[in-house]
Q: 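Attaching a single structure in structure tokens format; questions to follow.
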Amino acid sequence: MSRILIIIGLIIVAVGVFWPWLARIGFGRLPGDIMIVRENFTIYIPITSGVVLSVLLTVVLWLVNR
């Protein structure tokens with residue numbers, strides 16, 4: 001369990017470090033991500049980005065546990 005938590009922490013750190021580059025290639029603004037902008041508020045629902053991130057984490061954790 002501790003190994004999995006360490007790996008998840010490292011992945012979160014890597015995403016934080018590489019976020020400026022990920023934003024340039026369009027991660028976070030993929031088709032299927034919903035963004036509603038009004039005068040007083042903005043709602044951002046990253047459906048597609050969440051699915052892509054989930055698939056990537058599943059593959060990484062599957063490879064680690066193999």
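Quick note: residue numbers are just sequence positions, from 1.
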Q: Report yes or no: do L63 and L56 belong to one cluster of Ile/Leu/Val/Met/Phe/Trp/Tyr joined by side chain heavy-atom distances under 4.5 Å?
A: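 In one cluster: no.
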Q: Can you tell me how far apart CD1 (I6) and CD1 (I11) are? Round to the nearest 0.5 Å.
A: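 Going from CD1 on I6 over to CD1 on I11, the span is 12.0 Å.
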Q: Answer yes or no: is there a donor N or O on one side and an acceptor on the other, between the side chain of T58 and the main chain of S54, under 3.5 Å?
A: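 Side chain of T58 to backbone of S54, a donor-acceptor pair under 3.5 Å: yes, one is there.
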Q: If you round to the nearest 0.5 Å, how far is CD1 of I43 from CD1 of I36?
A: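 The CD1 atom of I36 sits 5.0 Å away from the CD1 atom of I43.
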Q: Indicate the atoms forming the closest heavy-atom contact of D33 with S49, along with that distance.
A: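 Heavy atoms of D33 and S49 come nearest at OD2-OG, 2.7 Å.
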Q: Cluster question for you: counting only ILVMFWY and a side-chain heavy-atom cut-off of under 4.5 Å, with indirect links fine, are L53 and I47 together?
A: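 Different clusters.
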Q: Taking L57 as the starting point, is it possible to reach V51 by hopping between hydrophobic residues whose side chains are less than 4.5 Å apart?
A: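 Different hydrophobic clusters.
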Q: Same cluster or not: are I4 and V64 linked, directly or through other Ile, Leu, Val, Met, Phe, Trp or Tyr residues, by side-chain heavy atoms under 4.5 angstrom apart?
A: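 Yes; tracing contacts between hydrophobic side chains, which count when under 4.5 Å, links both residues.
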Q: If every non-hydrogen atom of M35 is compared with every non-hydrogen atom of T42, which pair is closest and at what distance?
A: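 Of all heavy-atom pairs spanning M35 and T42, the closest is CE-CG2, 4.0 Å.
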Q: Transitively linked via ILVMFWY side-chain contacts under 4.5 Å: L61 with I12?
A: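 L61 and I12: one cluster.
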